[in-house]
Protein chains: 2
Amino acid sequence: MVTLTEVAKRARVTAATVSNVLRNREKVRPETAERVLKAISELGYRPNLNARALAEGRSSTLALMLSNLSNPFYPEFVLAAERAARKAGHFLMVCNTDDDAEIGRAYLNQIAGTLADGVLVMNTDIAINELCISAMHSAPILLAMWEHPEAPPALPCIAVDFARAGALAAGHLLELGHREIGMLVGDGCGGLQDARSNGFRAALREAGVETDTSAELVVRDSIDSGYAACMRLMASKPSLTAIFATNDLLAIGAGQALMSMGRAIPGDVSVIGITDIQLAHQVHPALTTVAINTTAIAELSIERLIRLIQQPSQAPEMVLAPPPELVVRASTGVRRSRAR
Amino acid sequence: MVTLTEVAKRARVTAATVSNVLRNREKVRPETAERVLKAISELGYRPNLNARALAEGRSSTLALMLSNLSNPFYPEFVLAAERAARKAGHFLMVCNTDDDAEIGRAYLNQIAGTLADGVLVMNTDIAINELCISAMHSAPILLAMWEHPEAPPALPCIAVDFARAGALAAGHLLELGHREIGMLVGDGCGGLQDARSNGFRAALREAGVETDTSAELVVRDSIDSGYAACMRLMASKPSLTAIFATNDLLAIGAGQALMSMGRAIPGDVSVIGITDIQLAHQVHPALTTVAINTTAIAELSIERLIRLIQQPSQAPEMVLAPPPELVVRASTGVRRSRAR
DNA sequence: GTGAAAGCGCTAACAG
DNA sequence: CTGTTAGCGCTTTCAC
């Protein structure tokens with residue numbers, strides 16, 4: 001490995017000068033700089049980022065902690081976060097906790113403040129106060145997707161108005177004439193998605209439509225369980241004309257269930273989800289959903305985290321993500337009077 | 001930040017002793033060790049991994065470079081690789097190059113040998129000889145999924161027999177009586193998947209079935225393009241009774257296209273892919289495919305990379321991944337005589 | 001067993 | 001502008 005000192009020797013200067021060339025070229029005479037640059041390329045010198053991190057007291061890498069990469073939402077978030085981090089001159093370390101709080105804890109202890117200057121947390125399986133303790137004696141921690149804007153947590157966070165997302169979904173279905181609506185509530189790696197379901201229910205109530213709790217099912221986040229749950233739901237409540245799922249995975253599963261039961265979408269039953277993952281528009285019929293703008297949230301998260309690293313603030317700030325937006329595609333339609 | 005020295009002071013020993021306690025407890029008297037441990041927990045000491053990396057000359061983090069996380073295959077691979085790395089006491093840094101060789105180069109230059117002790121490369125957009133150069137003066141590089149076992153590259157690699165995967169797919173379709181088979185060949189972030197298509201064609205020829213090059217389409221890796229390509233294919237060759245796609249994404253897209261054309265699967269047309277990504281069994285009808293055992297490949301990759309770091313070998317070794325296996329699900333069936 | 005000392009590769013004052 | 005001098009926090013000989 002080629003070191004700074006070797007470069008310095010070859011350029012007949014000292015390490016400090018080489019270091020200066022590498023960062024602010026200001027205080028170095030052009031011809032000296034050139035000599036140094038020449039030595040660098042001749043030797044194929046590459047700075048040791050560990051040494052730099054140690055000396056500078058910061059590593060310029062960020063960590064992103066999430067529960068399980070197998071939910072397609074996360075890769076999408078990671079993709080955007082990685083881009084944002086890279087653009088800001090940081091590396092991104094992905095820490096998958098495998099739905100295991102123990103692993104999350106271990107990661108946090110090892111990484112925060114040493115390998116990573118800050119960490120973005122998407123897990124909800126690790127208690128907030130525990131995270132706070134970590135944050136105390138290490139590095140800034142930011143909650144990347146807080147689902148309850150009305151109740152700011154003790155940590156800085158990006159809040160997403162999921163209640164509104166639920167309400168938008170409800171509004172759309174109501175407008176199409178649906179009154180008997182089944183509901184699939186996700187309870188996967190991200191925790192129970194109750195902000196979404198509450199928002200949905202509230203909107204229904206507000207419109208004077210009574211909500212039928214027997215048409216609600218809480219299920220794990222996955223296409224498979226959405227499929228199974230929808231099967232059960234339609235069996236017990238065949239008169240439903242629409243299905244609202246708190247996330248796209250469930251909605252997609254539900255759609256497949258309906259199709260395999262011979263129910264047309266949206267002819268017989270409409271389906272709507274939340275998030276707008278890639279799959280949502282790749283599936284047929286394309287899924288109507290409420291988009292939360294994953295990219296924007298990821299970028300915002302990275303930006304705030306970096307800011308937090310540069311100037312740690314005492315009061316945990318909550319910043320609101322752009323509001324969710326309804327994306328109408330092919331899986332929802334006007335309720336048809338039932339004639340079978 | 002609590003340092004080793006502070007712990008040492010509190011335990012009334014010296015840094016060296018604390019360090020000894022932290023690793024091999026052998027040469028330290030039990031009562032001293034206990035005092036040190038007590039100090040560590042009282043102070044909430046957490047080792048600075050940067051400093052350790054610098055002193056030890058290795059960082060115990062591995063890098064995984066891939067072209068684009070938005071292909072669902074990659075998250076699956078990352079998931080498995082992360083687990084394997086973690087179990088082996090390493091961190092995993094995910095480097096998404098966004099299909100940009102420039103970014104890949106930058107990552108390699110910055111990370112290899114400093115932040116990461118070794119790099120797992122899945123990109124094919126970066127020329128091998130370029131990678132070799134990087135490997136020369138930095139850290140071990142391993143190609144995680146080499147598609148041409150018959151032609152070992154100049155770098156250590158895990159080779160997957162994709163030609164065999166193609167042949168298995170062909171065998172399955174032939175057995176079901178299919179003779180007119182359309183082919184979708186992926187050319188996405190992973191490069192043209194010709195080993196797979198060649199294996200498929202060879203198997204067909206061997207069985208005396210003539211391959212119709214006008215029923216082949218080269219397309220980008222995605223559900224969308226699989227969908228579009230299948231539409232075109234069926235329009236120009238309506239007599240096809242089966243579709244072989246070099247990966248599941250294309251196959252899934254093709255399946256959706258067929259269904260939206262009113263063709264039953266597998267009643268009218270059979271569909272088969274390669275890889276066996278999660279989605280393959282979540283889609284309806286569940287996709288018949290040739291599984292490559294992603295998890296095993298990821299684990300093998302990590303294992304070999306770690307070995308390479310511990311004992312660098314001069315001759316780039318190629319190790320063969322477990323052979324692909326046919327997974328029969330619901331998207332393929334016996335060819336029915338056409339009666340329309 | 002434990003301590004003292006040197007050094008990993010780099011940065012950051014401060015002199016000159 | 002450039003060199004000198006100290007570290008950053010940890011590991012690792014080598015004495016004691």
Side-chain angles (χ1 to χ4, degrees), chain A residues 1-37 39-40 43-61 109-117 137-139, chain B residues 1-37 39-40 43-61 109-117 137-139:
Chain A
M1 156 169 264
V2 187
T3 72
L4 237 205
T5 326
E6 301 180 61
V7 173
K9 209 171 294 173
R10 187 177 235 277
R12 280 168 298 126
V13 292
T14 143
T17 304
V18 179
S19 183
N20 276 332
V21 173
L22 255 36
R23 20 208 80 262
N24 67 47
R25 6 179 69 269
E26 299 294 291
K27 34 157 63 166
V28 137
R29 200 200 306 152
E31 48 199 277
T32 317
E34 203 174 332
R35 224 166 58 235
V36 171
L37 258 11
I40 287 179
L43 260 34
Y45 166 75
R46 289 150 58 244
N48 182 324
L49 299 193
N50 269 313
R52 182 176 285 177
L54 183 57
E56 284 185 328
R58 60 199 164 72
S59 64
S60 63
T61 109
N109 275 327
Q110 295 180 109
I111 282 188
T114 66
L115 290 190
D117 295 336
H137 53 223
S138 55
Chain B
M1 157 168 264
V2 186
T3 71
L4 238 205
T5 326
E6 301 179 59
V7 173
K9 209 171 292 171
R10 189 177 233 277
R12 280 167 298 126
V13 293
T14 150
T17 304
V18 179
S19 182
N20 278 331
V21 172
L22 255 38
R23 16 209 82 260
N24 67 48
R25 8 180 68 266
E26 300 294 291
K27 33 157 61 167
V28 124
R29 202 198 306 152
E31 49 200 276
T32 318
E34 202 173 332
R35 226 167 55 236
V36 171
L37 258 10
I40 287 180
L43 260 35
Y45 166 75
R46 290 152 55 244
N48 182 323
L49 299 191
N50 270 313
R52 181 176 287 179
L54 182 57
E56 285 186 327
R58 59 199 165 72
S59 64
S60 64
T61 110
N109 275 327
Q110 293 180 108
I111 283 188
T114 66
L115 290 191
D117 295 335
H137 52 225
S138 56

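Note that this is a predicted model, so its numbers are computed, not measured. Protein chains get the first letters and strands the later ones, always in sequence-line order, with residue 1 at the start of each. Note that these values count all heavy atoms, side chains included, but never hydrogens, waters or copies made by symmetry.
- B:S19 comes within contact range of at least one nucleobase, with a heavy-atom separation under 4.0 Å.
- A 4.5 Å side-chain heavy-atom check between B:R35 and B:T17 finds every atom pair outside the cut-off.
- Taking atom CD on A:E6 and atom C1' on C:dG7, their separation rounds to 15 Å, with Å as the unit.
- Comparing A:A16 and A:M1 by the nucleotide of DNA chain C that holds the closest heavy atom to each, the one mapping nearer the 5' end is A:M1.
- Distance, A:L54 CG to D:dA6 P: 19 Å, rounded to whole Å.
- In this structure, A:K9 places its NZ atom 14 Å from P of D:dG3, rounding to the nearest Å.
- Between A:T5 and C:dG9 there is no side-chain polar atom (N or O) within less than 4.0 angstrom of OP1 or OP2.
- Here C:dT11 presents its P atom at 10 Å from CZ of A:R58, a figure rounded to the nearest Å.
- Side-chain contact between A:N50 and A:L54 is absent, with no heavy-atom pair separated by less than 4.5 Å.
- Of the candidate nucleotides D:dC10, C:dT11, D:dG3, C:dT11 has the atom lying nearest to any side-chain atom of A:L4.
- Rounded to whole angstrom, the span from the CG atom of A:L49 across to the P atom of C:dG9 amounts to 13 Å.
- Residue whose closest nucleotide on DNA chain C sits further toward the 5' end, between B:A33 and B:A51: B:A33.
- The side chain of B:E56 lies closest to D:dT11 when the candidates are D:dT11, C:dG9, D:dT2.
- Here B:T14 lies in heavy-atom contact (under 4.0 Å) with a base.
- Nearest nucleotide to the side chain of B:R29, out of D:dC1, C:dT2, D:dC10: C:dT2.
- The side chain of B:R52 has D:dC10 as its nearest neighbour among D:dT12, C:dC10, D:dC10.
- Here the side chains of A:T114 and B:P47 are not in contact, with every heavy-atom distance at 4.5 Å or above.
- Residue whose closest nucleotide on DNA chain D sits further toward the 5' end, between A:E31 and B:L22: A:E31.
- In this structure the side chain of B:V7 reaches within 4.5 angstrom of the side chain of B:V2, judged on heavy atoms.
- Across every non-hydrogen atom of A:L22 and A:R52, the tightest pair is CD2-NH2, 4.2 Å.
- When the C1' atom of D:dG9 is taken as reference, atom CZ of B:R46 falls 14 Å away, rounded to whole Å.
- One atom, CG of A:N50, and another, C1' of C:dG7, lie 15 Å apart when rounded to the nearest Å.
- Rounded to an integer number of Å, the gap from CG of A:N48 to P of D:dC8 is 18 Å.
- Taking every side-chain heavy atom of B:T32 into account, C:dG1 is the closest of D:dC10, C:dG1, D:dC1.
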